Amino acid sequence: CPIICYTTSTIFHSHIYLMQKSNRKTAPSALRISSLLSETAKQLRQPATYSKKNLATQWQRSKRVVNLMAAIQTGVGYAWQINHTPNPDNQQIIQLIQKFCKKSLKALGIEVIALEPIPTHHALWASNHISWLDIPVVGSIVPTFFLSKAEIANWPVIGWMATTAHTLFIQRGSGDTSKISEQMREFLSQGSPVVFFPEATTTDGTAIKRIYGNLLQSAMDSQVLIQPIVICYVNQDGELDQNIPYYGDIRLIDSVKRVLDNPPAKAYVLPLAAIDPAGKTRNEITAILQQRMVDGLARLHGQVLHAKKP
């Protein structure tokens with residue numbers, strides 16, 4: 001067991017290090033991936049962090065790492081399928097995105113529960129943002145494309161997969177909001193839904209921060225509904241799961257480790273009333289969305305969280 005744990009964790013740590021340090025944008029070859037994994041494994045080969053005192057956690061992490069790597073391999077296969085399909089249909093791509101998200105969440109022990117039926121109308125989706133897990137959670141039940149921070153495009157494997165899946169990348173602070181909004185408008189006008197996180201950062205999940213409405217212009221220009229949803233992660237005690245939020249100074253690899261070692265958790269999703277942008281200014285829509293998400297998160301917490309025992 002310790003040998004399996006150490007081996008799989010080394011592979012996983014190498015994979016995360018590889019994603020953060022390399023800047024490949026093209027489809028990676030199997031030989032190149034193997035070479036980079038071997039190289040980074042040497043740099044990361046430190047004394048094992050496992051001990052005899054936490055064998056159950058070690059075994060769980062090992063199984064989840066293996067399952068997550070299998071999910072990523074499946075995702076690579078989906079990306080290869082898209083790349084080798086002439087003029088792939090957006091709906092076909094979305095279906096593969098959903099399959100990949102579901103496999104990834106299953107590997108990590110996350111169960112997604114929609115408290116109300118997910119709307120089927122075409123829309124610009126807006127969600128609160130707690131963790132990197134929000135993307136597969138939303139992607140598993142909402143047929144949509146994503147916005148993402150630009151640096152993810154440079155991650156090998158993951159970056160290539162995201163690019164192939166028609167992810168729209170935004171450079172923080174680069175002033176390219178209008179360009180991204182125009183790309184979103186084109187997607188929306190073609191009938192392809194897009195989801196974004198209007199808080200523009202992650203939180204601890206207890207409240208909605210101030211939202212930024214610049215990208216709502218895409219819904220106004222294309223005259224599609226704005227569909228807000230709210231998410232929360234709940235542990236086995238019926239409380240907000242403190243191990244899942246990825247915010248502040250938490251490093252990505254530390255956040256991933258927390259999720260790997262965490263007991264199974266539930267991700268609750270609550271769709272809210274849609275907003276029609278017709279006849280409204282962007283500031284008005286932003287204010288409506290802010291209040292709707294604040295009220296919606298309070299309602300979600302009220303429905304799924306258990307009162308703490310005195």
Side-chain angles (χ1 to χ4, degrees), residues 60-61 63-65 67-72 74-75 78 91 93-121 123-148 158 161-162 165 167 193-199 202-206 208 227-247 255-256 258-274 293 296-306:
Q60 174 180 285
R61 184 190 292 193
K63 290 191 296 183
R64 287 185 176 178
V65 166
N67 291 336
L68 182 59
M69 292 302 102
I72 292 175
T74 300
Y78 291 156
Q91 294 307 314
I93 296 175
I94 286 175
Q95 288 176 359
L96 293 177
I97 291 174
Q98 288 187 300
K99 288 182 179 180
F100 172 64
C101 290
K102 289 176 181 179
K103 287 179 180 293
S104 298
L105 292 170
K106 184 177 180 180
L108 293 169
I110 305 294
E111 179 186 0
V112 180
I113 301 173
L115 295 184
E116 295 181 8
I118 300 298
T120 57
H121 53 244
L124 170 64
W125 294 74
S127 172
N128 61 321
H129 203 8
I130 301 170
S131 167
W132 48 273
L133 282 171
D134 300 342
I135 294 176
V137 165
V138 175
S140 69
I141 59 175
V142 175
T144 186
F145 294 103
F146 289 89
L147 288 183
S148 177
I158 297 298
M161 289 165 60
T167 298
V194 179
V195 63
F196 79 116
F197 303 104
E199 293 168 292
T202 50
T203 73
D204 63 2
T206 60
I208 302 293
Q227 178 59 61
I229 59 174
V230 285
I231 302 170
C232 74
Y233 297 91
V234 178
N235 63 23
Q236 294 176 323
D237 295 323
E239 302 171 350
L240 289 178
D241 198 317
Q242 301 300 317
N243 291 320
I244 289 180
Y246 168 51
Y247 69 104
S255 175
V256 174
R258 287 184 183 182
V259 173
L260 288 171
D261 294 344
N262 203 37
K266 290 181 171 63
Y268 288 98
V269 180
L270 178 65
L272 309 175
M293 293 183 72
L297 186 63
R299 182 155 62 95
L300 174 61
H301 287 173
Q303 287 182 244
V304 303
L305 299 183
H306 298 167

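This one's a predicted model, so the numbers in the text were calculated from it and none came from an experiment. All residue numbers in this chain count up from 1 along the given sequence.
Across all their heavy atoms, Gln227 and Ala123 have their closest contact at CB-CB, 3.7 Å. Considering every non-hydrogen atom in both Ala114 and Ile141, the closest pair reads CB-CD1, 4.4 Å. Residues Leu240 and Cys232 approach most closely at CD2-CB, 4.0 Å, considering heavy atoms. The two residues Pro193 and Ile94 have their closest heavy-atom pair at CD-CD1, 4.2 Å.
Contact of the Thr74 side chain with the Lys99 side chain is not registered, since no non-hydrogen atoms from C-beta on lie closer than 4.5 Å. Looking at Pro198 and Met293, their side chains come closer than 4.5 Å, going by heavy atoms from C-beta outward. The closest side-chain heavy-atom distance from Phe145 to Ile97 is below 4.5 Å.
Side chain of Arg64 to main chain of Val259: a donor-acceptor pair is present (N/O by atom type, distance under 3.5 Å, no hydrogens or angles). Although no hydrogens or angles enter the test, the distance criterion places no donor-acceptor pair under 3.5 Å between the side chain of Ser104 and the main chain of Ala71. In this structure a side-chain-to-backbone donor-acceptor pair under 3.5 Å is missing from Asp237 to Glu239.
Here OG1 of Thr203 is found 8.0 Å from CG of Leu297. Values are rounded to the nearest 0.5 Å. If you take CG on Asn235 and CG on Leu305, they are separated by 9.0 Å, rounding to the nearest 0.5 Å. Atoms OG1 and CD1, on Thr167 and Ile135 in that order, are 8.0 Å from each other to the nearest 0.5 Å. The CG atom of Leu96 sits 11.0 Å away from the SG atom of Cys101 when rounded to the nearest 0.5 Å. Between the CG atom in Asp204 and the CD atom in Gln242 there is a gap of 7.0 Å [rounded to 0.5 Å]. Annotation: the span from Arg299 atom CZ to Leu115 atom CG amounts to 9.0 Å, rounded to 0.5 Å.
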When the side chains of residues 262-273 are checked against the rest of the protein, which donor-acceptor pairs come out under 3.5 Å, sequence neighbours left out?
{"unit_1": "Asn262", "atom_1": "OD1", "unit_2": "Asn243", "atom_2": "ND2", "d": "2.8"}
{"unit_1": "Asn262", "atom_1": "ND2", "unit_2": "Asp241", "atom_2": "OD1", "d": "3.4"}
{"unit_1": "Asn262", "atom_1": "ND2", "unit_2": "Asp241", "atom_2": "OD2", "d": "2.8"}

Donor-acceptor pairs under 3.5 Å, side chain of residues 124-133 to any protein atom, not counting sequence neighbours: which ones?
{"unit_1": "Asn128", "atom_1": "OD1", "unit_2": "Ile231", "atom_2": "N", "d": "2.7"}
{"unit_1": "Asn128", "atom_1": "ND2", "unit_2": "Ile231", "atom_2": "O", "d": "3.0"}
{"unit_1": "His129", "atom_1": "ND1", "unit_2": "Asp134", "atom_2": "OD2", "d": "2.7"}
{"unit_1": "Ser131", "atom_1": "OG", "unit_2": "Leu133", "atom_2": "N", "d": "3.0"}
{"unit_1": "Ser131", "atom_1": "OG", "unit_2": "Ile244", "atom_2": "O", "d": "3.4"}
{"unit_1": "Trp132", "atom_1": "NE1", "unit_2": "Ser255", "atom_2": "OG", "d": "2.8"}

